[in-house]
Amino acid sequence: MSNVSAQQTAQPDQPNTDLDEIIHGLSQPQKTISPKWFYDEHGSELFEQITEQPEYYPTRVELSILRDNMAAIAGALGERISLIEFGAGASVKVRLLLDGVGEIVVFVPVDISGDHLQNAAEALAKDYAHIEILPVAADFTRPFELPQPKIMPRRNIVFFPGSTIGNFPPDAALALLRSMRSVAKDGGGLLIGVDLKKDPAVLERAYNDANGVTAAFNLNMLTHLNRRFGSDFAPEAYAHRAVYNEALGRIEMHLISHRSQTVTFGERTFEIAAGEYLLTECSYKYALEDFSNLARQA
């Protein structure tokens, strides 16, 4: 028998809320779409391919940090823990923890891509029969309910790898860290990956891989939105671009329109000029001291 049980967190009126959020972003002078819409099943698969591209350093570096410091990490996490991963994607990093930390009694992966999440959870359950796997299909930027494990943990540890915190502007990052603090509860902890500031050329190469996987990932967002909300984006009419905004300390992912066009979203239409771009992701890079200060505020 599998030790996976899926929980779909109730999100009252979520489609309307999501639609309102998208319409709000497209109504701004700088049109934006949340990066959470990258992640349908195909988008999740493309992201896993991105992590394998030679230009994309974050995954390799983070895996190296985990492997080289596993004993210290295990000691810091403590005994009889619940490991709660926000935005669970590929299982490579969490498998290192499940192998290297002997005190994990329950693993709770949380992700908006329900099918991808369930498949990953079932694969983990086959290999870690001694650990209860309780996937939660939810948008982790909104409140969600933790499932009830069979064995009550002593500590909740939130796991947030991949420098995903960089996708949130500073105010939103602070709010998310405070949400994680509430999930971890008193005595809990956070194990987080944060990308540091570095040579802009290195950063831009990482988000403009030569094989075009990141471009396909960015463009797939439009296909996902069309399927989910009935919009009429023409993905072939856009091009991918990623640039480092040094003043704001962030990589920006753009979808640039080749031509003037009208896009329908719900009952709203939006005019997009030739050469105008949609801002689909910001990835903030931190100085270590700056992130430490942000964590302390949370």
Would you say [X] and [Y] are hydrophobically clustered, going by side-chain heavy atoms of ILVMFWY under 4.5 Å?
{"X": "M70", "Y": "I81", "answer": "yes"}
{"X": "V92", "Y": "L83", "answer": "yes"}
{"X": "L196", "Y": "L203", "answer": "no"}
{"X": "V243", "Y": "I50", "answer": "no"}
{"X": "V158", "Y": "L174", "answer": "yes"}

Measure across [X] and [Y] and return the closest heavy-atom pair with its distance rounded to 0.1 Å.
{"X": "R259", "Y": "A237", "result": "NH2-CB, 3.7 Å"}
{"X": "P153", "Y": "P149", "result": "CD-CG, 4.0 Å"}
{"X": "K197", "Y": "G249", "result": "CE-CA, 4.4 Å"}
{"X": "T223", "Y": "P235", "result": "OG1-CG, 3.6 Å"}
{"X": "L294", "Y": "A173", "result": "CD2-CB, 4.0 Å"}

Salt bridge check, [Y] against [X]: does any charged N sit closer than 4.0 Å to a carboxylate O?
{"X": "R80", "Y": "E103", "answer": "no"}
{"X": "R142", "Y": "D18", "answer": "yes"}
{"X": "K285", "Y": "E246", "answer": "no"}
{"X": "R60", "Y": "E62", "answer": "no"}

With no hydrogens and no angle check, do the side chains of [X] and [Y] hold a donor and an acceptor under 3.5 Å apart?
{"X": "E55", "Y": "N208", "value": "no"}
{"X": "N218", "Y": "Y238", "value": "no"}
{"X": "E48", "Y": "S44", "value": "no"}
{"X": "E122", "Y": "Q118", "value": "yes"}

Do side-chain atoms of [X] reach the backbone of [Y] as a donor and acceptor pair under 3.5 angstrom?
{"X": "K93", "Y": "S91", "result": "no"}
{"X": "N226", "Y": "G230", "result": "no"}
{"X": "D199", "Y": "A201", "result": "yes"}
{"X": "R155", "Y": "G187", "result": "yes"}
{"X": "E132", "Y": "K150", "result": "yes"}
{"X": "H240", "Y": "Y207", "result": "yes"}

[X] versus [Y]: any side-chain heavy-atom pair under 4.5 Å?
{"X": "S34", "Y": "I22", "answer": "no"}
{"X": "E21", "Y": "T17", "answer": "no"}
{"X": "I112", "Y": "L117", "answer": "no"}
{"X": "R95", "Y": "D127", "answer": "yes"}
{"X": "P147", "Y": "V136", "answer": "yes"}
{"X": "L63", "Y": "L96", "answer": "yes"}
{"X": "Q49", "Y": "Y56", "answer": "no"}
{"X": "T164", "Y": "I192", "answer": "no"}

CD (E289) with more than 12 external heavy atoms under 6.0 Å: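 No, the 6.0 Å shell around CD holds no more than 12 heavy atoms from other groups.
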Atom CD of E267 with >12 non-hydrogen neighbours under 6.0 angstrom: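 Open: at most 12 neighbouring heavy atoms sit under 6.0 Å from CD of E267.
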Ring geometry between F217 and F47 (parallel below 30°, tilted from 30 to 60°, perpendicular above 60°):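 Ring orientation, 0 to 90° scale: tilted.
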[atom2] on [Y] to [atom1] on [X], rounded to 0.5 Å:
{"X": "N167", "Y": "S283", "atom1": "CG", "atom2": "OG", "answer": "5.5 Å"}
{"X": "N156", "Y": "I84", "atom1": "CG", "atom2": "CD1", "answer": "4.0 Å"}
{"X": "I151", "Y": "I131", "atom1": "CD1", "atom2": "CD1", "answer": "10.5 Å"}
{"X": "I272", "Y": "S257", "atom1": "CD1", "atom2": "OG", "answer": "6.0 Å"}
{"X": "H24", "Y": "L19", "atom1": "NE2", "atom2": "CG", "answer": "13.5 Å"}
{"X": "K36", "Y": "T280", "atom1": "NZ", "atom2": "OG1", "answer": "14.5 Å"}

Audit row: N220, D40, side-chain hydrogen bond (donor to acceptor under 3.5 Å, both in side chains) steps and yes/no: CA-CA 9 Å; N220 181 68; D40 61 355; 2.9 Å; yes
Pairs touching residues 276-298 that satisfy ring-ring contact (aromatic ring centres under 6.0 Å, His included), sequence neighbours left out: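 Residue pairs with at least one partner in residues 276-298: H254-Y277, Y286-F291.
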Inter- and intrachain pairs under ring-ring contact (aromatic ring centres under 6.0 Å, His included), touching residues 149-173, at least two apart: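 Output for this query lists F140-F160.
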Steps toward side-chain contact (heavy atoms from CB on, under 4.5 Å) verdict (L278, T32): CA-CA 5 Å; L278 309 176; T32 63; over 6 Å; no
Stepwise side-chain contact (heavy atoms from CB on, under 4.5 Å) check, L177 with Q297: CA-CA 9 Å; L177 288 169; Q297 289 181 60; over 6 Å; no
N211 and Q53: CA distance, side-chain angles, deciding distance, side-chain contact (heavy atoms from CB on, under 4.5 Å) verdict: CA-CA 8 Å; N211 290 324; Q53 301 308 302; 2.7 Å; yes
D186: salt bridge (Lys or Arg N to Asp or Glu O under 4.0 Å) partners, not counting sequence neighbours: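 If we apply the salt bridge (Lys or Arg N to Asp or Glu O under 4.0 Å) test to D186, skipping adjacent residues, the hits are R181.
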